[in-house]
Amino acid sequence: MKKISIIIPAYNEEESLPFLYERLNKLMNEINNYEFEVLFVNDGSKDKTIELIKEMRNKDERICYVDFSRNFGKEIAMLAGLDYAKGDAVIFMDADLQDPPELIPELIKYWEEGYDDVYARRKSREGETWLKKFTSKMYYKVLQGLTRVPIQKDTGDFRLLDRRCVNALRKLRESQRCSKSMFSWIGYNKKEVLYDRDPRIAGKTKWNYRKLIDLAIDGITSFTTSPLRVSTYLAIPTFMLLGIYFIYVIAKCIALKVAIQAFQAIILLILFFSGIQIMLFGIVGEYLGRIFNETKNRPLYFVNEYNGEKEMND
Ligand code: UDP
Ligand code: MG
């Protein structure tokens with residue numbers, strides 16, 4: 001029987017856990033052609049989350065847990081989930097029931113059809129502010145603009161991943177993680193499933209705008225080195241301005257038969273030296289970007305098929 005691991009990062013989720021268990025338990029009992037494992041990653045919760053998980057584990061063998069020594073953040077919790085999951089496929093889910101477990105059979109269905117990454121795309125997002133939806137939309141536009149790797153829109157971490165993807169993701173061990181871009185980066189056959197995102201069942205969101213901004217910056221800087229090119233791009237208009245002003249000043253001096261004036265010389269010098277400085281920054285940035293990419297030490301490729309056989313890439 002194939003095994004499916006449901007990975008749930010949990011940080012101060014004591015209020016949601018009873019509801020979550022009830023819904024998951026019902027669902028797992030309905031699907032009897034798979035073996036299930038619910039792997040909680042307790043991300044240093046300060047409330048009774050771990051006690052509740054241990055209680056569940058006593059009653060139910062399918063519950064597993066990894067208990068972090070402190071709060072490491074959801075991204076790291078997800079990686080730990082991948083490291084400890086034993087399933088042939090894993091499903092990422094939030095603890096607050098914003099991702100409806102009832103979608104799981106559909107995710108499994110497409111997995112059986114041969115898709116490696118079945119991701120759930122939100123049709124709607126209830127209980128989230130207009131501002132949050134707007135900023136998230138703009139952010140993904142910018143992120144997509146910066147890279148050639150296609151990024152899935154309106155998609156969170158709720159998805160099913162085949163063992164191949166799990167093994168691939170485990171090889172990306174950088175500490176500043178942005179799972180979303182990693183899911184895109186590893187490739188493999190992707191399939192979209194639509195769903196309505198529910199509001200959080202209980203408790204409070206762990207995100208605030210500061211954390212979201214951090215996440216956004218991490219997302220961009222971990223995914224692309226394009227911001228480093230800003231300097232190179234700025235150098236071009238600076239030099240163009242220098243050229244135009246230079247021609248203008250010289251032409252004027254010749255036409256009026258006057259000497260170049262001090263302020264004109266100063267403007268020309270400023271443009272010249274700032275252009276050079278910006279350009280040098282750009283050159284440093286190019287090398288920095290290369291060092292950055294090398295230090296991530298990512299595998300250079302993943303194989304989908306070898307002579308018609310599925311490559312496990314282990
Ligand atoms: N989470 C975590 N560590 C953190 C913050 C959040 O493991 O430092 C978990 C949290 O318990 C939940 C999931 O990540 O299962 C999503 O968090 P939340 O619902 O607060 O985020 P939102 O849905 O509002 O984006
Ligand atoms: Mg949530």
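Start at 1 and go down the list; that is how both ligands and their atoms are numbered. Note that the coordinates shown come from a computational prediction; the quantities given were computed from them, not determined experimentally.
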Handout entry: R122 bridged to D154 by N-O distance under 4.0 Å
Key =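 No, no charged N to carboxylate O under 4.0 Å.
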Handout entry: Proximity of K74 to ligand 1 by residue part, where a heavy atom lies under 4.0 Å
Key =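 Under 4.0 Å from ligand 1, K74 contributes backbone and side-chain atoms.
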Practice task
Just let me know how R197 lines up against ligand 1, side chain, backbone, both or neither, with a heavy-atom cut-off below 4.0 Å.
Solution key: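 Side chain only.
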Taking only heavy atoms of [X], which atoms of ligand 1 are found under 4.0 Å from at least one of them?
X: R200; result: 18 (P), 19 (O), 20 (O)
X: D43; result: 2 (C), 3 (N), 4 (C), 7 (O), 8 (O)
X: E13; result: 10 (C), 11 (O), 12 (C), 15 (O)

Handout entry: Shared hydrophobic cluster, I276 / I236 (ILVMFWY, side-chain heavy atoms < 4.5 Å)
Key =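 They do not share one cluster, since no chain of ILVMFWY contacts under 4.5 Å joins I276 to I236.
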Exercise for the section: Could you state whether M78 and Y11 fall into the same hydrophobic cluster, counting links through intermediate Ile, Leu, Val, Met, Phe, Trp or Tyr residues with side-chain heavy atoms under 4.5 angstrom apart? Expected result: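 No; Y11 is not reachable from M78 via cluster members.
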Exercise for the section: Ignoring hydrogens and angles, state whether a donor on the side chain of S5 or E37 is under 3.5 Å from an acceptor on the partner side chain. Expected result: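 Checked: S5/E37 side chains pair up, N/O donor to acceptor below 3.5 Å.
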Problem - Polar side chain donor-acceptor pair, R164 to N304, under 3.5 angstrom - result: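 Checked: R164/N304 side chains pair up, N/O donor to acceptor below 3.5 Å.
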Exercise for the section: Kindly confirm whether the Mg ion (ligand 2) is within less than 2.8 Å of some N/O/S atom in D96? Expected result: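 Yes, since at least one N, O or S atom of D96 sits under 2.8 Å from the Mg ion (ligand 2).
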Exercise for the section: Would you verify whether the NZ or CZ of R70 falls within 45 degrees of the ring axis of F72 while also being under 6.0 Å from that six-membered ring's centre? Expected result: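 Satisfied, under 6.0 Å and within 45°.
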Exercise for the section: Closest by any non-hydrogen atom to atom 7 (O) of ligand 1: pick that one out of G156, G44, S45, P9. Expected result: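 The nearest heavy atom belongs to P9.
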